[in-house]
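In what follows, chains are A, B, ... by sequence order, proteins preceding strands, each numbered from 1.
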Number of protein chains: 2
Amino acid sequence: MDKRLNDGQDLRVPAICRACDARHRGICGAMTAEQLAEFSRFTTRKKIGAGTELHGQGERVISYANVLRGVVKLTKVMQDGRQQIVGLQFAPDFIGRPFASESTLTAEAATDAEICAVSKGALDRMVATAPDLEHKLYHQALLELDEARDWMLTLGRKTAREKVASFLHLIAAHYDPECNETVAFDLPLSRQDIGDFLGLTIETVSRQMTKLRQEEVIIVENNRHVIVSDMERLARIAGID
Amino acid sequence: MDKRLNDGQDLRVPAICRACDARHRGICGAMTAEQLAEFSRFTTRKKIGAGTELHGQGERVISYANVLRGVVKLTKVMQDGRQQIVGLQFAPDFIGRPFASESTLTAEAATDAEICAVSKGALDRMVATAPDLEHKLYHQALLELDEARDWMLTLGRKTAREKVASFLHLIAAHYDPECNETVAFDLPLSRQDIGDFLGLTIETVSRQMTKLRQEEVIIVENNRHVIVSDMERLARIAGID
DNA sequence: GTAGCGATTTGATCTCGATCAAGACCAAAG
DNA sequence: CTTTGGTCTTGATCGAGATCAAATCGCTAC
């Protein structure tokens with residue numbers, strides 16, 4: 001999960017838009033100046049608060065987005081309220097499902113975030129004519145598929161302890177591309193969200209975090225700030241090859 | 001899961017090859033006669049027995065394949081042997097992960113099967129120059145991503161009963177595109193495989209099957225042949241919206 | 001400061017699915 | 001026919017994680 005997540009990072013589709021600073025790599029790089037100018041007429045940069053829904057499960061989708069800052073969670077809900085997070089999108093990930101009008105999941109900001117929204121029609125039209133653009137999107141889809149399948153192993157076969165360690169490892173590896181022994185970061189998810197990501201209850205998540213704290217695998221401050229003292233050890237606990 | 005699986009079916013990449021009967025739709029349709037001729041020099045049609053491994057986790061991949069008949073399971077294994085099936089490929093699905101040299105999973109025939117193997121280099125070269133071909137592959141990757149995410153909800157949040165019902169529903173829906181009330185089919189997986197797909201033990205799978213049998217939701221003959229008497233009811237038990 | 005409130009932790013108990021252990025079924029081989 | 005070996009089912013018991021309940025933490029507002 002971790003490894004590929006880092007390797008893949010550079011391949012992810014970054015900011016698509018007009019005002020997104022100087023970060024016009026990725027998708028934009030695949031366009032001519034002309035296309036870019038035309039395209040930027042349909043993009044909007046937005047700051048959104050934690051909990052803001054980009055689109056709901058079953059809704060018609062009218063825009064795509066690129067994450068510029070923060071974390072967006074992709075969730076599926078059952079009628080009775082049971083919920084599963086099926087993906088976490090970090091900057092500069094693309095959010096959206098080309099070639100489908102209705103979404104099969106909800107995209108919601110897990111933290112305060114900044115996105116660059118793009119009208120669906122505009123991007124669809126460009127994708128239809130710019131093979132490079134589609135190539136970038138295909139790349140990201142394959143990375144997401146790899147991540148989803150890695151997580152299926154976690155959901156189906158790992159213990160609560162291994163699941164929590166896997167989650168911490170995933171986040172730590174994400175915020176530390178250099179893979180140092182010690183990593184510090186703020187958790188982008190609440191205990192409830194972590195539970196929904198791991199298929200566990202908040203109580204179980206809490207208990208496993210406490211145990212890892214007692215074993216000095218992690219240090220936790222303010223329930224949010226985490227320091228992993230030994231990533232190798234964490235990986236071993238997580239059952240990562 | 002079911003719905004999209006059926007809808008998507010037509011979009012899947014079908015047979016790529018020379019001798020694969022008259023079913024030259026999909027990928028091949030995206031090629032010129034010239035390309036097709038060149039391409040067919042690198043394809044081989046093969047019959048493989050249940051259990052045959054196409055490629056292993058961590059191995060270098062030298063060929064892709066299209067499933068022509070039978071079912072291929074994609075699995076991930078942990079060092080200690082715990083196993084999770086992360087995908088099932090039916091005809092005419094494409095098997096392979098473009099843009100990666102090493103596989104992160106094992107592809108193995110779950111039933112006797114027939115495939116059309118293609119040299120990786122040849123397909124990669126074509127993909128680089130034929131946008132239509134990449135478009136088809138992108139489509140399939142998105143469908144597989146949808147399926148993986150649907151299954152994550154099953155793995156993370158459903159009960160054993162719901163999981164087994166979900167599995168039966170998935171297979172039944174796959175073999176009955178018309179969504180009749182009653183569907184009969186042969187299970188393409190052993191109890192062990194079903195367990196590995198659902199994140200359960202074989203005993204739990206067996207017990208839940210027995211219960212569904214007793215409740216007359218299904219009829220089972222020879223441990224393999226299954227008749228679902230009421231798909232609606234099965235869907236309700238599976239917790240499918 | 002402290003009052004209020006949601007998020008998190010901790011504790012006690014229960015339950016579903018895992019584990020351990022026979023037994024039944026079925027097909028191929030002798 | 002019986003034996004053998006694999007797969008599946010059934011039964012008894014165990015335990016990890018869920019559930020229910022209460023206490024504590026941490027933040028904001030006053």
Checklist line | Given DNA chain C, 5'-ward residue of the pair A/Leu189 and A/Arg157, judged by closest heavy atom | finding: A/Leu189

Margin query: Between B/Ser206 and D/dT9, is there a contact of a side-chain N or O with OP1 or OP2 at under 4.0 Å?
Written below: yes

Margin query: When you measure from the side chain of B/Asn180 to the backbone of B/Val183, do you find a donor-acceptor pair of N or O atoms at a distance under 3.5 Å?
Written below: no

Notebook entry, point to check: Does the distance from a Lys or Arg side-chain N to an Asp or Glu carboxylate O, for A/Arg82 and B/Glu162, drop under 4.0 Å?
Noted result: yes

Notebook entry, point to check: Counting only distance, no hydrogens or angles, is the base of C/dC20 paired donor-acceptor with the side chain of B/Glu203 under 3.5 Å?
Noted result: yes

Notebook entry, point to check: Heavy atoms under 4.0 Å, any strand shown: does B/Thr210 hit a base, just sugar-phosphate, or nothing?
Noted result: sugar-phosphate

Checklist line | B/Glu215/B/Arg161 ion pair, N-O < 4.0 Å | finding: yes

Next item on the list: Return the nearest nucleotide to the side chain of B/Arg213; candidates are D/dT10, C/dT10, C/dA18.
Entry: D/dT10

Next item on the list: Take atom CG of B/Leu212 and atom P of D/dT10, then tell me their distance rounded to the nearest Å.
Entry: 13 Å

Next item on the list: Figure out the NZ/P separation between B/Lys211 and D/dT9, and round it to whole Å.
Entry: 15 Å

Notebook entry, point to check: In whole angstrom, what separates A/Asn223's CG from D/dC27's P?
Noted result: 8 Å

Notebook entry, point to check: Taking OP1 and OP2 of D/dG17, is either one under 4.0 Å from a side-chain nitrogen or oxygen of A/Thr201?
Noted result: no

Notebook entry, point to check: For A/Met209 and C/dT8, what is the distance between atoms CE and P respectively, to the nearest whole Å?
Noted result: 9 Å

Notebook entry, point to check: Hey, does the side-chain of A/Arg224 have a donor or acceptor N/O within less than 3.5 Å of a partner on the base of D/dG26?
Noted result: no

Note to self: Side chain of B/Gln208 only, heavy atoms from C-beta on: which candidate in D/dG17, C/dG17, C/dT10 is closest?
What the structure shows: C/dG17

Margin query: Tell me the interatomic distance from A/Arg207, atom CZ, to D/dT19, atom P, rounded to whole angstroms.
Written below: 12 Å

Next item on the list: With heavy atoms under 4.0 Å as the rule, sort B/Gly199 into base, sugar-phosphate or nothing.
Entry: sugar-phosphate

